[in-house]
Undergrad: 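The structure under discussion is supplied below as structure tokens; questions concerning it will follow.
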Amino acid sequence: MNTTNDCGIVLMTHGRQGESLFESVSHLLGETPQNVIAVAFVGTERRSEMEKHGQDAVSRLHNNCGSVLILTDLFGSTQANIAEKLAAADRQIACLHGVNLVMLLEAISMRGLPLMELKRCAAGAGKRAIISSSDKTP
């Protein structure tokens with residue numbers, strides 16, 4: 001049952017990175033955003049357990065929101081591979097890899113957009129947030 005037009009967001013990260021990013025965004029926004037789930041993957045879990053945790057989080061938000069953007073920390077990782085597998089099975093699921101705080105903040109702030117537009121906006125924001133101090137102009 002779709003209860004909101006906003007896209008759900010799932011963070012799939014190594015350890016508790018996703019939870020920390022979500023806490024930081026909540027602090028910046030002054031509230032805890034709804035329909036965002038951080039899934040912590042620890043090295044002691046079997047891949048099948050990781051897949052179940054990821055699938056459960058995505059399914060929960062898919063039921064609430066209809067579409068889901070999955071953000072992972074590292075392309076090519078188990079988390080990213082699980083996310084890509086989920087996205088390949090459903091056009092209402094999309095993935096971005098290399099999550100950073102600005103990418104997550106943009107995704108949460110703009111999640112009323114259609115899924116693919118949200119994905120482009122979040123990716124662009126995440127890329128623009130990477131700045132070398134030597135690239136700054138005086």
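Keep in mind that the numbers below use all heavy atoms, side chains included, and drop hydrogens, waters and symmetry copies. In this chain, residues are counted from 1 in sequence order.
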Undergrad: Please say yes or no: joined through hydrophobic side-chain contacts below 4.5 Å, possibly via intermediate residues, are Met103 and Leu118 part of one cluster?
TA: yes

Undergrad: Rounded to the nearest 0.5 Å, what's the gap from CG on Leu86 to CG on Asn81? Could you check?
TA: 11.0 Å

Undergrad: CG of Leu71 to CD1 of Ile108: how many Å apart, nearest 0.5 Å?
TA: 8.5 Å

Undergrad: Flag the pair Phe22 / Ile9 as yes when at least one side-chain heavy-atom distance between them is below 4.5 Å, and no otherwise.
TA: no

Undergrad: Which pair of non-hydrogen atoms, one from Ala40 and one from Glu45, has the smallest distance, and what is that distance?
TA: O-OE1, 3.9 Å

Undergrad: Looking at Ser26 and Pro33, what are the two nearest heavy atoms and their distance?
TA: OG-CD, 3.4 Å

Undergrad: Say you draw a straight line from NZ of Lys119 to CG of Leu69; how long is it, rounded to the nearest 0.5 Å?
TA: 8.0 Å

Undergrad: Would you kindly confirm whether Val10 and Val36 end up in one hydrophobic cluster when ILVMFWY residues are joined by side chain heavy atoms under 4.5 Å apart?
TA: no

Undergrad: Would you name the heavy atoms of Ala83 and Ile70 that are closest together and state the gap between them?
TA: CB-CG2, 3.6 Å

Undergrad: Starting from Ile37, can I reach Phe41 by hopping between I/L/V/M/F/W/Y residues whose side chains sit under 4.5 Å apart?
TA: yes

Undergrad: Treating Asp73 as the side-chain partner and His14 as the backbone partner, does any N or O pair qualify as donor plus acceptor under 3.5 Å?
TA: yes

Undergrad: Nearest 0.5 Å, what's the CG-CG distance between Leu21 and Asn100?
TA: 8.0 Å

Undergrad: Can you tell me how far the CD atom of Gln17 sits from the CG atom of Leu74, to the nearest 0.5 Å?
TA: 9.0 Å

Undergrad: Under 3.5 Å, side chain of Thr13 to main-chain N/O of Gly18, donor-acceptor pair present?
TA: yes

Undergrad: Taking only residues two or more places apart in sequence, or in another chain, which ones meet Arg120 in a side-chain hydrogen bond (donor to acceptor under 3.5 Å, both in side chains)?
TA: none

Undergrad: Determine the minimum heavy-atom distance between Ser24 and Leu101, stating which atoms define it.
TA: CB-CD1, 3.7 Å

Undergrad: For atom CZ of Arg16, is the number of surrounding heavy atoms from other residues, nucleotides or ligands below 6.0 Å larger than 12?
TA: no

Undergrad: Can you list everything that forms a ring-ring contact (aromatic ring centres under 6.0 Å, His included) with His97? Sequence neighbours excluded, please.
TA: Phe75

Undergrad: Can you name the nearest heavy-atom pair linking Leu115 to Arg91, along with the distance?
TA: CD2-O, 3.9 Å

Undergrad: When you check the gap from the basic side-chain N to the acidic O, do Arg60 and Asp56 get nearer than 4.0 Å?
TA: no

Undergrad: Pairs of donor and acceptor atoms involving the side chains of residues 123-131, under 3.5 Å and at least two apart or interchain, shall be tabulated with distances.
TA:
unit_1	atom_1	unit_2	atom_2	d
Arg128	NH1	Gly124	O	3.2

Undergrad: Within a strict 4.5 Å, meaning less than it, do heavy atoms of the Ser67 and Cys7 side chains meet?
TA: yes

Undergrad: Let me confirm one number: the SG-CG distance from Cys65 to Asp6, rounded to the nearest 0.5 Å.
TA: 7.0 Å

Undergrad: Okay, side chain of Glu49, backbone of Arg46: is any donor-acceptor separation there less than 3.5 Å?
TA: yes

